[in-house]
2 protein chains.
Amino acid sequence: MQITRQTEYAIKILIELAKSPFGELIPSKLIAEQQDIPGMFLQKTVQLLSRAGLVSTQRGIQGGVRLTVSADKITTADVITAIEGPLALNLCLSPGYSCPNMADCQVRRILGRAQAALLHELQQESIADIVEGKLAK
Amino acid sequence: MQITRQTEYAIKILIELAKSPFGELIPSKLIAEQQDIPGMFLQKTVQLLSRAGLVSTQRGIQGGVRLTVSADKITTADVITAIEGPLALNLCLSPGYSCPNMADCQVRRILGRAQAALLHELQQESIADIVEGKLAK
DNA sequence: ACCAAGAAGACAAACTTAGTCTGAAAAGGA
DNA sequence: TCCTTTTCAGACTAAGTTTGTCTTCTTGGT
């Protein structure tokens with residue numbers, strides 16, 4: 001039950017972007033070096049963030065990646081969702097899933113509560129909080 | 001970021017055991033039928049629960065599985081730990097892991113908070129709660 | 001036109017998960 | 001003691017996921 005490495009990369013990418021003034025274009029190669037992420041894999045990750053609307057990219061010389069949402073509006077939950085899809089602690093908690101006894105399934109209910117607690121916390125934490133170190137314990 | 005199917009099986013096994021009087025031996029074959037779990041795989045799962053001290057088993061004719069801890073003392077967190085090992089939302093949150101800049105790693109800190117919130121909720125929820133349906137949202 | 005970036009998708013290696021198979025060991029009864 | 005029932009243990013396998021790489025294409029600026 002872990003986030004994937006790619007999700008961790010995504011968080012680091014956003015942190016790196018948030019260190020520069022909002023909207024500034026940063027070439028992905030530079031991000032890769034700063035955060036020690038394999039170049040090609042980083043690009044795929046940026047694309048997921050881009051499709052989620054968190055960043056935008058520009059091609060060509062002087063191209064790169066930039067935030068389209070301010071860092072204090074991007075939560076950890078947003079990043080996880082962008083990379084891994086909707087948070088689901090169990091298959092039966094995925095949107096669109098259905099099973100015969102879903103209505104009165106106690107396992108589903110109990111895991112749903114845990115998931116809600118996790119999600120609530122993840123939605124409190126923004127990229128800006130991470131960068132600014134606002135999480136003193 | 002999901003619990004494994006095996007963990008879900010484990011929860012169901014414990015629920016099934018908790019339906020009978022405490023300490024009663026239930027043959028694993030019966031549990032498999034009741035909860036629709038592949039027989040061999042269930043046995044492996046029972047073994048993990050047994051090594052974690054949550055159940056004990058008896059071989060031979062009239063053998064089976066029984067709870068060794070009362071259902072209201074077994075939390076969802078216990079089950080996940082028994083099957084998957086210590087809860088870790090990210091590799092760097094696993095016990096025994098170390099990386100150079102672990103002390104001031106903001107990613108680690110933020111995920112640590114989320115993990116603590118999740119763990120707290122999981123530790124509130126017992127198998128007895130599930131069986132008795134005490135979770136009416 | 002040329003070059004520096006990102007876009008896209010095929011591919012592959014490594015790992016994890018879910019499950020099976022086979023044989024052994026133990027408990028109890030005949 | 002022998003037989004049956006049941007768990008124990010480990011090897012094995014098939015499928016899926018993760019984490020990348022490689023190659024080719026497209027775009028934008030100079």
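In the text below, chain A, chain B and the rest are named by the order of the sequence lines, each starting its count at 1. Heavy atoms only: backbone and side chains are in, while hydrogens, waters and symmetry mates are out.
Here B:Gln34 pairs with nothing under the side chain to side chain donor-acceptor pair (under 3.5 Å) rule; sequence neighbours left out. With sequence neighbours excluded, the residues satisfying salt bridge (charged side-chain N to carboxylate O under 4.0 Å, His left out) with A:Lys19 are A:Glu16. Residues satisfying the side chain to side chain donor-acceptor pair (under 3.5 Å) criterion with A:Thr75, sequence neighbours excluded, are A:Asp78. Residues that satisfy the salt bridge (charged side-chain N to carboxylate O under 4.0 Å, His left out) test with A:Glu84, not counting sequence neighbours, are absent from this structure. Checked against side chain to side chain donor-acceptor pair (under 3.5 Å), A:Gln58 has the following partners two or more places apart in sequence or in another chain: A:Arg66. Every residue was checked against the ring pair (Phe, Tyr, Trp, His ring centres under 6.0 Å) condition with A:Tyr97, not counting sequence neighbours, and none meets it.
The minimum heavy-atom distance between A:Leu17 and A:Val65, with the atom names listed, is CD2-O, 3.6 Å. The two residues A:Gln115 and A:Ala88 make their nearest non-hydrogen contact at OE1-CA, 3.4 Å.
Sorted by residue number, the list of members of residues 5-23 of chain A with any non-hydrogen atom under 4.0 Å from DNA chain C is empty. Residues from residues 82-95 of chain A with heavy atoms under 4.0 angstrom of DNA chain C: there are none. Looking at residues 25-47 of chain B, you'll see B:Pro38, B:Met40, B:Phe41, B:Lys44 sit with a heavy atom under 4.0 Å from some atom of DNA chain C.
Pairs of Watson-Crick or G-U wobble type, with distances under 3.5 Å, assemble into runs of 3 or more in DNA chain C at these ranges: C:1-30 with D:1-30.
Between A:Lys12 and A:Glu8, at least one side-chain N (NZ, or NE/NH1/NH2) sits under 4.0 Å from a carboxylate O, which counts as a salt bridge.
Contacts between chain B and DNA chain D, taken as any atom within less than 4.0 angstrom of a protein heavy atom, begin and end at D:dT5 to D:dA11. When DNA chain C is scanned in the 5' to 3' direction for atoms under 4.0 Å from non-hydrogen atoms of chain A, the outermost contacting nucleotides are C:dA4 to C:dA10.
The residue among B:Gly60 and B:Thr4 whose nearest nucleotide of DNA chain C is located toward the 5' end is B:Thr4. Toward the 5' end of DNA chain D, the nearer of the two residues A:Ile3 and B:Ile61, judged by each one's closest nucleotide, is B:Ile61.
A:Leu30 and A:Leu25 sit in two unconnected hydrophobic clusters of ILVMFWY residues. Membership requires side-chain heavy atoms under 4.5 Å apart, directly or through other members.
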